[in-house]
Amino acid sequence: MSTEITISNVSRGFNGHTVLDNVNLTVRDGELLALLGPSGSGKTTLLRLIAGLDQPDSGSIAIGGTEATQAHPAARGVGFVFQHYALFRHMNVFENIAFPLRIRKTPKAEVNVKVTELLKLIQLETLAGRYPAQLSGGQRQRVALARALASQPRVLLLDEPFGALDAVVRRDLRRWLRQLHEEMHITTIFVTHDQEEAFDLADRIVIMNGGKICQQGAPIDIYQHPADVFVHEFLGESNHITGHAAGGIIFADAGFPVAEAANAPDGPAEIYVRPHHVLLRPRSNGGTGWVINRISATGAHARISVANASTTLEASMTVDALLASGLTDHMPVDITFAGGTVFPTADSQPLKLQVLKPRLAV
Amino acid sequence: MSASLTVPAVGAKRGFTWRPASVLPGFRTSLTITLLWLGIIVLGPLAVMLWFTAGMGWEAFLGTITTPRVLADLWISLRSALYASLANAVFGLLVAWVLTRYNFPGRRIADALVDLPFALPTAVAGIALSTLYAPDGWIGALLVPFGLQVAFQPAGIVVAMMFISLPFIVRTVQPVIEDLEPEQEEAAHLMGASALAIFIRISLPAILPALLTGFALAFARCLGEYGSIIFIAGNRPMVSEIVPVLIVQELDQFDYQGATAIGVLMLAVSFLLLLAINLLQAWVRKRHGG
Amino acid sequence: MAGNAAGKSAGRIALITIALLFMVLFLLLPLIVVFAQALSSGFEAYFSSIADPNVQSAIWMTLIIAAVAVPANLAFGIAASWCIGRFEFTGRNLLITLIDLPFSISPVIAGLLEVLLFGLNGLLGGWLSAHNYQIIFALPGMILATIFVTFPFVAREVIPLVQEQGNEEEEAAVTLGANFWQIFWRISLPKIRWGLLYGVLLCNARAMGEFGAVSVVSGKVFGETDTLSLAVESLYGSYETQAAFAVASLLALLALVTLVAKATVEFFLRDEMNAVKRKRTV
């Protein structure tokens, strides 16, 4: 049975404040989808609307081809994992997971079998008698997931599933969830503000901002081709250079040429270059006065801050590459941009993506 | 370099995204029960009382509440409540401070004892206090050599009011003292401020709003108190008679109109106090940005 | 530095001494005098005072009034905390203020209200006397007056607790398919049990000890319509001081039990509130 979710023209406001603005989205059967956006972007509201915890002001939601906009949450076949897990604090792990079965008057023997199965799935067989307060964050998360799965949902919804966990637990749990999804293939939507989490876990990412969807697609496509400045900035650090295009070449306002972009119309241009696209090497001769400010190596990667009279840029490379290059603090360097994105800003038109061709900046 | 991450902390958003959980059942039923019960028990009877008063006419109403006895009793009630609340503002603050800040044997018992006036029926408090403060009582006998008499005198009213209203001040002030940041006091201490200066300049301003609220609550409670006072006051009209006693006397003589008019007068005073408390709390919330 | 510390601790000891002295004088002595006076003529006199049939009837009256008033306000508190604590609607704050109203109204006025409604010259008085229903100067009026003065007790303890705990667990139960009663019995009630118990304790203490409101509407017939508090007044007024204090000692014991129970419940309640706060800060 298909569990495709279709969200059509959905809007929702609170106290005159628009939180979701005419959102359209289709979630495919068996997909693992991330709703990614900063806080206040409407992603959690959208998730709650899909779960039926809230109703849209306008628009409709269909699950598996059936209209579900006004349907009761329990009738939607949806499992919801809350950000803070919402485990029943006065019930132990076993009873928490058994709850959806018990309220359906499932026979006792069957409850035991199913709960034991789920406990095995979340690898917490030995902690069945513990209360939520006695569990670690990661364990609570898994219990919440098992409880949601116990009612055999067609769709699994997770609100900031790793938000309250520390980094190591977060990574492990992510892998485990990915594996679980590969085994069960339940259509899953999770909300996150962490782009790394979304990229690591999701088949497809939907980026939201200000109650609207800015872009959706496979992680790699989104990273390579951000639809607008917001998405580009949201997905990771970048150097922002204000400049202009003239005759297919982009210049920084500070004067140095940045790159070739044959399709860029003449006029102002906002240039975004990720740190790893800023390539450095010791200065050969002449040059425009770029000097390394500071090199800081953290683990496998090094960050290098370079500046000339008017501009400071961040570059990054592997520590191995840094050692091979022979770059040191206060060394004069030459810069090349290996890639980047230009958004023409003339006439405040919608921003359009253009790929830079690398060009040596002297 | 434009740092790209504009993501605030996760925890920050919870406060203001709280919104009606329309998905939870039972709203209409529980609201209906609440309003119905509130109407039957509280609002309905109050409306009847106001309607009763309206039927009296303005002149009769004014005439009833401006007799010398009513005015004298009102003055006694207000004055005693003021003295008692002021005394408790001092002693209540002291008790709250000592119970919160210092550790000493029996502190937990002393803390539990603060609630005694909440738990002890007022009639019991009344006869206990009047026995204690009678000229031959444990405390009264000690006061006789100084020519002081408390029981069956206006001073008795103040003592009874102090007893019943003490927890209001202590319990309002205590959480605020608990939340005071010791760092501020320590900083002032390092700058060479004396203990008294630290208390007056640093701690007291932070406690003051709660102290005022506690004062208003205590005052309101004192004004309405009946049970504990009648045993100790002597209830002499225009000397040691409080307004609630007067209302009861009017009722005993089946003077419903008189009782009601005085009751409405008391209600008006109480509501003014309630308003003051709410304004105080709004002011505190604004100041502390809660 | 040593002198400073000594001065500091001397000041501390002085403050503690004054505070404790004040508490002994104002709180402890009244309590002690009750038991001292009750036992002033020995245990035999004490027990015979309590065994007096009129006192026995007052105990019954007190228990009956509390047995009606407390559950009534418990039910109200639960209903009010459900709608006010779990939903946001206009007028919510006004509703909270109105529920708190009886706290700022003199108990004597509470009694007066019942008289105006049900008394002989009251709104329903004519109809009631025509049908031979006795409300004022009888048990029903005393119960109503008690419900009035104890009205906010449970609600005002539970509403903030519900607001603090939030709706997530209930929402989770909804998504898992639970209906109203399943949510209420299995999720919500266990969450607020300590808050409810706390409110019930306070409500019960006030209901059993109420004097002013009940005094206005009671028939004041010792042995018939007297509660324990009213019996204290009757006996004290007829100069049976020892007997009055014997009855008062029962109420004082109730107060002590209430205080101990309250401190115990507070311990659990604080634990629960801390758990909520911990969850927030994770």
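What you see is a predicted model; the values in this text were computed from it and never measured.
Only the side chain of B/L35 comes within less than 4.5 Å of a heavy atom in chain C; its backbone stays farther off. Looking at C/Y236, the atoms closer than 4.5 Å to chain B (heavy atoms on both sides) all sit in the side chain, from C-beta outward. Contacts of C/I18 with chain B are made by both backbone and side-chain atoms, with heavy-atom separations under 4.5 Å. The parts of C/L15 that come within reach of chain B are both its backbone and its side chain, each placing non-hydrogen atoms under 4.5 angstrom from that chain. With a threshold of 4.5 angstrom between heavy atoms, C/V33 approaches chain B through its backbone and through its side chain. Contacts of B/L113 with chain C are made by both backbone and side-chain atoms, with heavy-atom separations under 4.5 Å. Interface residue C/F151: only side-chain heavy atoms are found under 4.5 Å from chain B. Of the two parts of B/V159, the backbone and the side chain both hold a non-hydrogen atom closer than 4.5 Å to a non-hydrogen atom of chain C. Contacts of C/A213 with chain B are absent, with no heavy-atom separation under 4.5 Å from either backbone or side chain. Interface remark: B/A110 contributes backbone and side-chain atoms alike to the contact with chain C (heavy atom separation under 4.5 Å). The parts of B/V114 that come within reach of chain C are both its backbone and its side chain, each placing non-hydrogen atoms under 4.5 angstrom from that chain. Contact of C/I109 with chain B is made through the side chain alone, with heavy-atom distances under 4.5 Å. Looking at C/T175, neither its backbone nor its side chain comes within 4.5 Å of chain B, counting heavy atoms on both sides. In this structure, chain C has heavy atoms under 4.5 Å from both the backbone and the side chain of B/I127. Looking at C/V115, the atoms closer than 4.5 Å to chain B (heavy atoms on both sides) sit in the backbone and in the side chain alike. The contact between C/F89 and chain B is made entirely by side chain atoms (from C-beta outward), counting heavy-atom distances below 4.5 Å. With a threshold of 4.5 angstrom between heavy atoms, C/L29 approaches chain B through its backbone and through its side chain. For B/V48, the part sitting under 4.5 Å from any heavy atom of chain C is the side chain, from C-beta outward, and nothing else. With a 4.5 angstrom heavy-atom cutoff, C/E210 does not touch chain B via any of its atoms. Neither the backbone nor the side chain of B/L217 has a heavy atom closer than 4.5 Å to any heavy atom of chain C.
For the pair B/V42 and C/L98, the minimum side-chain heavy-atom distance is 4.5 Å or more. Counting only heavy atoms from C-beta outward, the side chains of B/N88 and C/F26 never approach each other to under 4.5 Å.
Summarising the geometry of C/I183 relative to B/P25, their closest heavy-atom pair is CD1-CD, 4.1 Å, with the distance given to 0.1 Å. Of all non-hydrogen atoms in B/A259 and C/L112, the two that sit nearest each other are O-CD2, 3.7 Å. Minimum interatomic distance between B/Y226 and C/G212 (heavy atoms only, all atoms of both residues): CD2-CA, 3.5 Å. The two atoms that bring C/R86 and B/L24 nearest to each other are CD-CD1, 3.9 Å, heavy atoms only. The two residues B/G227 and C/F211 come nearest to each other via the heavy atoms CA-CD2, 3.3 Å. Closest of all the heavy-atom pairs between C/P30 and B/A128 is O-CB, 3.4 Å.
Chain C forms the most heavy-atom pairs under 4.5 Å with one residue out of B/Y102, B/F254, B/F104, B/F52, and that residue is B/Y102. Counting heavy-atom pairs closer than 4.5 Å to chain C, the top-ranked of the candidates B/L116, B/I33, B/I230 is B/L116. Put simply, of B/L43, B/T29, B/I41, the one with the most heavy-atom pairs under 4.5 Å next to chain C is B/I41.
The aromatic ring centres of C/F22 and B/F91 sit less than 6.0 Å apart.
Side-chain atoms of C/W82 never come within 3.5 Å of backbone atoms of B/L31 as a donor-acceptor pair (strictly under, hydrogens ignored). B/S270 places a side-chain N or O within 3.5 Å of a backbone atom of C/S104 that can act as its donor or acceptor partner.
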